[in-house]
Amino acid sequence: MEILELNNISKSFGAIKALDNVTLSLRSGEVLGLMGDNGAGKSTLIKIIAGNFKQSSGTINFEKQKVEFSKPMEARDKGIEVVYQDLALCDNLTAASNIFLTREIKRNFGLIKIINFSEMFKRAKNIFKDLKSETLPDEEVKMMSGGQRQAVAIGRTKLSKAKVVLLDEPTAAISVRQVAEVLELIKQLKNQGIAVVIISHRMPDVFAVSDRIAVLRRGQLVANKLAKESSPEEVTALITGAIEKA
Amino acid sequence: MTEQTLEKNKKKIKISNLHEIGLLIALILVLLLFSFTTENFFTQRNFTSILRSASYVGLIAFPMTFVLITREIDISVGPSVAWSGLFFVILIKWYDFSYFSSAAIVILWGILLGYFIGIARTKLFIPTFITTLALWSALRGYSLFVTEGRPIAISNKDFRYLFGGDILGLPTVTWIMLGAFLVFWFASKYTVTGTNFYAVGGNPKAARNIGINVDRVKILALVGTSLFSAIVGILFVARVSSGNANLADGMEFDVIAAVVVGGTALGGAVGTMTGTLLGCVFIAMISNGLIHWGIDPDLNKVVKGIIIFLAVVINSNVTFKSNSGGPKED
């Protein structure tokens, strides 16, 4: 099922056209690799989907319904979550506290509300189990590896029962072993029927997990094809402009 | 025990616990040192006196812990205590307010002052150091101007006995401080508000993105120190039966020293209420012991300066080694 459809999306910042008539759709359980050079419009597109920006023209359908997000909270409520490159984690808190931040499970004693840590640890443990990650819920994030940190950030999206997860450079600046861990996390999301968009400069990572590849160049969509019908060489050529369109 | 559980237990001893244990040991060593080298240190009377001064500092140090955790600072607390006490006495003596309504007005003043510091920080982007430095000067100056430097005495035995005396062998202010400790300790560990202080200090940008109202959290922390400065001002009046513009001289230093010695990082994110409590007792015990040694009060300040410096050195080494000091705010 098509969960997210972008129809003729354009976005201008003054005289600069960041996105030009982009039409793209996403199915549940599908991983889309979104590629392009710096300034090609990847981030702008993600921010429009996530409700940070409003498109200048074009429409977005989510689960076949037309949607308009004026702030990120509205996109999140629908089930669209973004995991940003900096992961937005608080290093001084535990993995569980990070996952549940602003959504803490509480016990009520009259007017006093107490955080129910044991329940949060239990649920966080299950989330990590679902993601097949060895992250400990009661460990502080500052002690964690890049892969585990990514698991915490992705764990947050599991809590909200996200249907679409947008990952911004999830494998940048982490070690090879941890890259494998993060790619495994993405596969787990896919297996659970979640649609994933991954933005990355690392060609091998994108090809390792993506079902489909979309390439943006100067705000235009120049390719949107199955990963197995493309190759890193072709995508590189599309990004640089050596091949006009595929 | 399997290797895995061993590993887990090892991790349970956190940096903060290490600091508290270390401080507790230091506290016992200092206690032994003064007990064996002076005659009158190890007496109930003297311990009561140490507890009393630790309690006044503690009442402000607990909210100050939250302020530092959220990466802010409030250096206006000393003059704020002096002015609050004076304001309380002025309302009673010059304007014939009752004790109760005077206290209510002074407490309201404390809340509004903290709110002002918070608004200046979050809406006008003035660093709290600057705002509270300005207040530090202004509040002390105004207090001196209004009273021409002379104390204003009040006489009310009931008020004095109730808030300035002892209950069950301990100073009343110590009971109040212990109550406040429990509330702050509980809030810091088990409530969303407490977690939010740590989250804002750990990564303000992330906290904001996730949906925490960072401005409100910071304002709340700053209202805490001002509110408790007002309360301590009133309690000081109960103790000395007068309002005095020179009261609580250098108290901001004792409060911040206690919090930092207790393991709270000046850069935010790290700190515990238990550490702060130990820090208050530690600072009070040192000040008291040095007097027993017959060291000049002015030199006492030098020693305190050295202690706060050493505490920060130890503190920052521990935190750097644990790879803390989270991301900078945008």
Side-chain angles (χ1 to χ4, degrees), chain A residues 47 50-52 71-77 81-109 111-118 120-121 134 136-146 149 152-153 156-157 159-160 168, chain B residues 4-5 7-17 69-71 182-183 186-214 216-217 264-265 267-272 318-330:
Chain A
K47 283 184 173 153
N52 295 82
K71 53 178 186 248
M73 225 42 182
E74 293 175 11
R76 221 180 285 172
D77 287 343
E81 289 266 354
V82 190
V83 177
Y84 288 103
Q85 194 171 356
D86 62 8
L87 299 180
L89 298 177
C90 295
D91 276 4
N92 54 338
L93 300 180
T94 62
S97 289
N98 265 288
I99 288 181
F100 285 91
L101 207 53
T102 70
R103 295 181 283 205
E104 288 89 353
I105 303 172
K106 282 161 283 188
R107 263 198 209 121
N108 289 343
F109 291 92
L111 284 175
I112 302 169
K113 292 191 173 99
I114 298 175
I115 298 178
N116 187 344
F117 282 108
S118 57
M120 273 166 47
F121 286 157
E134 287 173 4
L136 296 171
D138 58 346
E139 193 175 4
E140 281 180 21
V141 169
K142 68 178 160 217
M143 316 289 276
M144 293 184 178
S145 72
R149 296 169 66 88
V152 177
R156 221 181 243 161
T157 70
L159 189 69
S160 58
D168 187 9
Chain B
Q4 207 180 354
T5 49
E7 183 72 16
K8 239 184 148 183
N9 283 343
K10 216 160 60 183
K11 273 178 191 153
K12 285 263 147 89
I13 304 171
K14 289 189 199 146
I15 304 291
S16 56
N17 297 91
I69 284 171
T70 57
R71 304 188 180 190
L182 282 179
V183 170
F186 182 82
S188 71
K189 275 192 126 62
Y190 297 105
T191 68
V192 173
T193 310
T195 306
N196 287 351
F197 287 126
Y198 286 95
V200 166
N203 192 345
K205 199 179 151 204
R208 206 181 291 272
N209 282 341
I210 288 167
I212 292 175
N213 189 335
V214 173
R216 206 167 60 189
V217 170
T264 299
V270 181
T272 65
V318 173
T319 37
F320 274 126
K321 273 175 195 150
S322 72
N323 193 20
S324 173
K328 293 273 176 288
E329 186 170 13
D330 267 5

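Residues Glu104(A) and Thr195(B) bring no donor and acceptor atom of their side chains to less than 3.5 Å of each other.
For Phe117(A), the part lying under 4.5 angstrom from a heavy atom of chain B is the side chain only. When heavy atoms are compared at a cutoff of 4.5 Å, Arg107(A) does not approach chain B at all. For chain B, the nearby part of Arg76(A) is the side chain; its heavy atoms alone come within less than 4.5 Å. For Leu93(A), the part lying near chain B is the side chain, with the backbone staying farther off; criterion is any non-hydrogen pair under 4.5 Å.
For chain A, the option among Thr193(B), Val200(B), Ile212(B), Val192(B) with the highest count of heavy-atom pairs below 4.5 Å is Val192(B). Most heavy-atom pairs under 4.5 Å with chain B: of the set Leu101(A), Asn116(A), Val141(A), this distinction falls to Leu101(A).
Contact of the Asn196(B) side chain with the Arg216(B) side chain is not registered, since no non-hydrogen atoms from C-beta on lie closer than 4.5 Å. At least one side-chain heavy atom of Ile210(B) sits under 4.5 Å from a side-chain heavy atom of Arg156(A).
Judged by distance alone, the side chain of Arg71(B) and the main-chain N or O of Gly201(B) form a donor-acceptor pair under 3.5 Å. At distances below 3.5 Å, at least one donor-acceptor pair connects side-chain atoms of Asn98(A) with backbone N or O atoms of Cys90(A).
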